[in-house]
Amino acid sequence: MPRAVVTFDRSVDRRLVHRSSIAGVFLTSVRRQTADVWTLGVQVPRPWPVPPRRHPTTVPLTHGVEVLRQCGLAVAHSGLDVPLDHAFTIQQISFGWSGPAPRYPDFGPYEATARMQLVERLVRRGTTTGLRLAFRLTAATHEVAVGGGVLRCLPRHQYDLLRRRAAPGPPVTRHDRAPVRRMVRRGGRVSGLVGWDHTDPFAFDHPTDHLPGMTLLRSAIDAAEAATSARVRALDVSFDRFTEYAPPPTISATPDPSGVVHVEVTQAGSATTRGLLRVG
């Protein structure tokens, strides 16, 4: 099979990556290389800052994770015949920069090429129900980041039934200035409440019946960096169950001497999200 070349002249269909706004689509093309491998064009815009903050000079870790998320969904829909109306839940996700975080060019977005490989596919009655994927990001032939994840694929009626049993409450509108509010430091441990701003177009691109995973990752990164005074460069996070808008979820970050920070989100006395974040 001849090698397909990625392009950067337009965004993919926003439905492939479950985005309402075209501005939130980071993928520009999806090309199948082999039965189990795809390459994807990636464009990462600079985040819009809240004054008086300046534009970041390097790609935020959360934007790298969002590239991985979008790649997984695009491959599932366009390459593995998962219908567009299916829902996804991320069971586990890992992402890390291979070196220093990549810098934005002086003008325009950051461009790279992603490689997604299918590691495992679960099928029931002819329908894909789960995927395990491996991810690699390159720019100018140099490896920029690696990662992977596990997705659960659900027909809309199954997802609705799953959430109805959980009896989720309505979304809680907040305008928190920080990803962790009421932060407390005791020794080397940091804890607080998960904060969010429901008008943030990155995390809240469309209405959700649970707290978005990207909101939890932002809080985890913020807590880990507060606990260590260092930048997070990699993460490996498991989402054990949905985190609801209420009661208020709490987060804790506990570093160990190896440079790994153990992060946990709890709600109503039970852990919903657990992760290992590496700083340095």
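The first residue in the sequence is number 1, and the count goes up from there. Every value quoted in this text rests on a predicted model; they were computed, and no experiment measured them.
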Measure the spacing between [atom1] of [X] and [atom2] of [Y] and express it to the nearest 0.5 Å.
{"X": "Arg189", "Y": "Ser252", "atom1": "CZ", "atom2": "OG", "answer": "4.5 Å"}
{"X": "Thr173", "Y": "His198", "atom1": "OG1", "atom2": "NE2", "answer": "5.0 Å"}
{"X": "Leu277", "Y": "Leu61", "atom1": "CG", "atom2": "CG", "answer": "8.0 Å"}
{"X": "Asp236", "Y": "Arg274", "atom1": "CG", "atom2": "CZ", "answer": "10.0 Å"}
{"X": "Arg218", "Y": "Ile251", "atom1": "CZ", "atom2": "CD1", "answer": "13.5 Å"}
{"X": "Met183", "Y": "Ser219", "atom1": "CE", "atom2": "OG", "answer": "9.0 Å"}

Do the side chain of [X] and the main chain of [Y] share a donor and acceptor less than 3.5 angstrom apart?
{"X": "Arg32", "Y": "Gly79", "answer": "yes"}
{"X": "Gln267", "Y": "Pro247", "answer": "yes"}
{"X": "Thr7", "Y": "Asp9", "answer": "no"}

In this structure, would [X] and [Y] fall into the same cluster of hydrophobic residues linked by side-chain contacts under 4.5 Å?
{"X": "Leu193", "Y": "Val263", "value": "no"}
{"X": "Val42", "Y": "Val5", "value": "no"}
{"X": "Ile93", "Y": "Val17", "value": "yes"}
{"X": "Trp196", "Y": "Phe242", "value": "no"}
{"X": "Val44", "Y": "Met116", "value": "yes"}

Please determine, by modelled atom types, if [X] and [Y] share a side-chain donor-acceptor pair under 3.5 angstrom.
{"X": "Gln33", "Y": "Thr39", "answer": "yes"}
{"X": "Asp197", "Y": "Thr199", "answer": "yes"}
{"X": "Thr250", "Y": "Thr266", "answer": "yes"}

With a 6.0 Å cut-off (strictly less than), is the heavy-atom count around [atom1] of [X], excluding the residue itself, greater than 12?
{"X": "Ile22", "atom1": "CD1", "value": "no"}
{"X": "Arg31", "atom1": "CZ", "value": "yes"}
{"X": "Arg10", "atom1": "CZ", "value": "no"}
{"X": "Arg241", "atom1": "CZ", "value": "yes"}
{"X": "Arg231", "atom1": "CZ", "value": "no"}
{"X": "Arg156", "atom1": "CZ", "value": "yes"}
{"X": "Arg163", "atom1": "CZ", "value": "yes"}
{"X": "Arg121", "atom1": "CZ", "value": "yes"}

>> What I want to find out is whether Arg14 reaches Asp205 closely enough, with some N-O distance under 4.0 Å, to be called a salt bridge.
In response: no
Heavy-atom side-chain contact between [X] and [Y] under 4.5 Å:
{"X": "Asp36", "Y": "Val119", "result": "no"}
{"X": "Phe95", "Y": "Leu217", "result": "no"}
{"X": "Trp97", "Y": "Pro102", "result": "yes"}
{"X": "Thr128", "Y": "His86", "result": "no"}
{"X": "Phe135", "Y": "Val75", "result": "no"}
{"X": "Leu73", "Y": "Leu151", "result": "yes"}
{"X": "Thr272", "Y": "Pro249", "result": "no"}
{"X": "Tyr104", "Y": "Pro45", "result": "no"}

> Hey, does the Lys NZ or Arg CZ of Arg46 hover above the aromatic six-ring of Phe202, less than 6.0 Å from the centre and inside 45° of the axis?
Replying inline: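 No - Arg46 does not lie over the ring of Phe202 by the 6.0 Å and 45° rule.
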>> side chain to side chain contact (heavy atoms under 4.5 Å, CB included), that's the test. Do His262 and Leu276 meet it? Break it down for me.
In response: CA-CA 5 Å; His262 301 254; Leu276 300 176; 3.2 Å; yes
> After noting the C-alpha distance and the side-chain angles of Arg164 and Asp160, does the key distance pass the side chain to side chain contact (heavy atoms under 4.5 Å, CB included) rule?
Replying inline: CA-CA 6 Å; Arg164 195 176 306 125; Asp160 291 342; 4.0 Å; yes
>> Using side chain to side chain contact (heavy atoms under 4.5 Å, CB included), reason through Phe88 and His77 one step at a time and then give a plain yes or no.
In response: CA-CA 11 Å; Phe88 292 89; His77 285 313; 3.3 Å; yes
Could you pull out the closest heavy-atom pair between [X] and [Y], with the gap in Å?
{"X": "His206", "Y": "Ser20", "result": "CB-OG, 3.2 Å"}
{"X": "Ser238", "Y": "Gln92", "result": "OG-CG, 4.0 Å"}
{"X": "Ala74", "Y": "Ser78", "result": "O-OG, 2.6 Å"}
{"X": "Gly188", "Y": "Ala227", "result": "O-CB, 3.7 Å"}
{"X": "Leu118", "Y": "Leu133", "result": "CA-CD2, 3.8 Å"}
{"X": "Gln70", "Y": "Glu66", "result": "NE2-OE2, 2.7 Å"}

>> Could you walk me through whether Glu143 and Ser98 satisfy the side-chain hydrogen bond (donor to acceptor under 3.5 Å, both in side chains) test, starting with their C-alpha distance in whole Å, then the side-chain angles of each, then the deciding distance to 0.1 Å, before giving a yes or no?
In response: CA-CA 7 Å; Glu143 181 181 279; Ser98 301; 2.8 Å; yes
> Hey, mind stepping through Thr113 and Leu40 against side chain to side chain contact (heavy atoms under 4.5 Å, CB included) and telling me if it holds?
Replying inline: CA-CA 6 Å; Thr113 300; Leu40 304 95; over 6 Å; no
